[in-house]
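Have a look at the structure below before the remarks.
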Amino acid sequence: HFAAESEELCDFWLTALHEGIRDCSPSIEPDNSSEVLYRESLTKISHDVYYDVTFTEKKPMGMVLEKVGEWAIVKISNYAESGVKAGSVLSAINGVAVVSAPYDEIVEQLREWEPPLLLTFRQAPEKVGYLGK
């Protein structure tokens, strides 16, 4: 969000932003910078809890994903077997962020997986404590 003193000034800044974005060319290099940035962003969000689960052998993962918007949310999970908590959001596959990826692409990646598979989840928020009147 931003604010301007006049409609003209607002239009000026919107135009400048659009031109800057349009003229921007992303750098795609064969390094792990996106993984590093992703991991760094996870540490900056102190109220969110992320956890990793590694599958070392090819077998059913013990969870059911549900499409909510484009997010892949764990609807049902055999926590004792998989270590995945129901309600968690699948955030990364093998260190590559999938939060903004289309759900169908996420499911396709999981259909074709080979061990080892590292999945990163954002745990669903939980409220603890007591209610008082």
Side-chain angles (χ1 to χ4, degrees):
H1 297 291
F2 69 92
E5 294 176 7
S6 69
E7 190 172 335
E8 291 87 20
L9 195 54
C10 182
D11 289 341
F12 169 81
W13 283 111
L14 283 173
T15 302
L17 286 169
H18 287 159
E19 288 175 358
I21 292 169
R22 184 191 68 225
D23 296 339
C24 179
S25 59
S27 172
I28 300 172
E29 298 184 22
D31 63 12
N32 66 345
S33 60
S34 63
E35 180 180 342
V36 171
L37 289 173
Y38 173 72
R39 288 285 173 193
E40 186 64 25
S41 71
L42 296 183
T43 63
K44 300 292 184 193
I45 306 172
S46 61
H47 61 278
D48 290 339
V49 176
Y50 289 84
Y51 63 96
D52 293 332
V53 176
T54 303
F55 295 90
T56 56
E57 58 184 271
K58 186 82 170 179
K59 64 178 186 177
M61 290 187 230
M63 65 177 175
V64 175
L65 295 176
E66 176 180 33
K67 180 180 180 180
V68 178
E70 286 298 318
W71 288 14
I73 297 183
V74 180
K75 182 177 181 179
I76 301 170
S77 175
N78 182 350
Y79 179 74
E81 289 288 320
S82 67
V84 178
K85 297 178 182 180
S88 298
V89 176
L90 180 59
S91 300
I93 299 174
N94 290 327
V96 178
V98 296
V99 172
S100 60
Y103 178 82
D104 294 335
E105 287 182 19
I106 295 169
V107 171
E108 189 61 33
Q109 286 182 47
L110 294 176
R111 278 192 188 117
E112 300 172 356
W113 76 279
E114 292 296 326
L117 174 68
L118 173 67
L119 300 180
T120 302
F121 295 90
R122 177 179 177 243
Q123 184 174 319
E126 295 178 348
K127 297 290 183 189
V128 293
Y130 298 95
L131 282 176
K133 283 188 170 183

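Only a predicted model underlies this, so the values are computations on that prediction, with no experimental measurement involved.
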Query raised in the report: Are Ile76 and Phe121 in one and the same hydrophobic cluster, where Ile, Leu, Val, Met, Phe, Trp and Tyr link if side-chain heavy atoms are under 4.5 Å apart?
Result: no
Query raised in the report: Who pairs with Pro60 by side-chain contact (heavy atoms from CB on, under 4.5 Å), at least two apart in sequence or on another chain?
Result: none
Report summary line: Residue pairs meeting salt bridge (charged side-chain N to carboxylate O under 4.0 Å, His left out), one or both in residues 69-88, sequence neighbours left out, come to Lys67-Glu70
**Report entry** Pairwise distance CH2(Trp71) to OG(Ser88) - rounded to 0.5 angstrom
**Finding:** 12.0 Å
Report summary line: Note: Asn94 and Pro116 closest approach over all heavy atoms is OD1-O, 3.8 Å
Requested in this report: May I have all residue pairs that pass salt bridge (charged side-chain N to carboxylate O under 4.0 Å, His left out) and include part of residues 88-102, sequence neighbours excluded?
Outcome: none
Residues 104-112, side-chain donor-acceptor partners within the protein, below 3.5 Å, at least two apart:
{"residue": "Glu108", "atom": "OE1", "partner": "Arg111", "partner atom": "NH1", "Å": "3.4"}

Requested in this report: Output the rest of the hydrophobic cluster of Tyr79: all Ile, Leu, Val, Met, Phe, Trp and Tyr residues reachable through side-chain heavy-atom contacts under 4.5 Å, sorted by chain and number.
Outcome: none
Requested in this report: Name all residues meeting the side-chain contact (heavy atoms from CB on, under 4.5 Å) criterion together with Val68; count only those two or more places apart in sequence or in a different chain, and write none if there are none.
Outcome: Glu66, Ile73
**Report entry** Point-to-point distance, once rounded to the nearest 0.5 Å, from CG of Leu90 to CZ of Arg122
**Finding:** 13.0 Å
Requested in this report: Count the heavy atoms of every other residue, nucleotide or ligand shown that sit under 6.0 Å from NZ of Lys58, and state whether that count exceeds 12.
Outcome: yes
Query raised in the report: For Ser82, which residues count as a side chain to side chain donor-acceptor pair (under 3.5 Å) partner, sequence neighbours excluded?
Result: Ser77
Query raised in the report: Are Val64 and Val53 linked, directly or through other ILVMFWY residues, by side chains that come within less than 4.5 angstrom of each other?
Result: no
Requested in this report: Evaluate side chain to side chain contact (heavy atoms under 4.5 Å, CB included) for Leu119 paired with Met63, printing each intermediate quantity in order.
Outcome: CA-CA 12 Å; Leu119 300 180; Met63 65 177 175; 3.7 Å; yes
Requested in this report: Check Met61 against Trp113 and note the closest heavy-atom contact, atom names and distance.
Outcome: CE-NE1, 3.4 Å
Query raised in the report: Could you state the interatomic distance from OH (Tyr103) to CG (Leu65), rounded to the nearest 0.5 Å?
Result: 5.0 Å
Query raised in the report: CD1 of Ile93 to CG of Leu118: how many Å apart, nearest 0.5 Å?
Result: 10.0 Å
Query raised in the report: Do Val99 and Ser91 have side chains that get closer than 4.5 Å, going by heavy atoms?
Result: yes
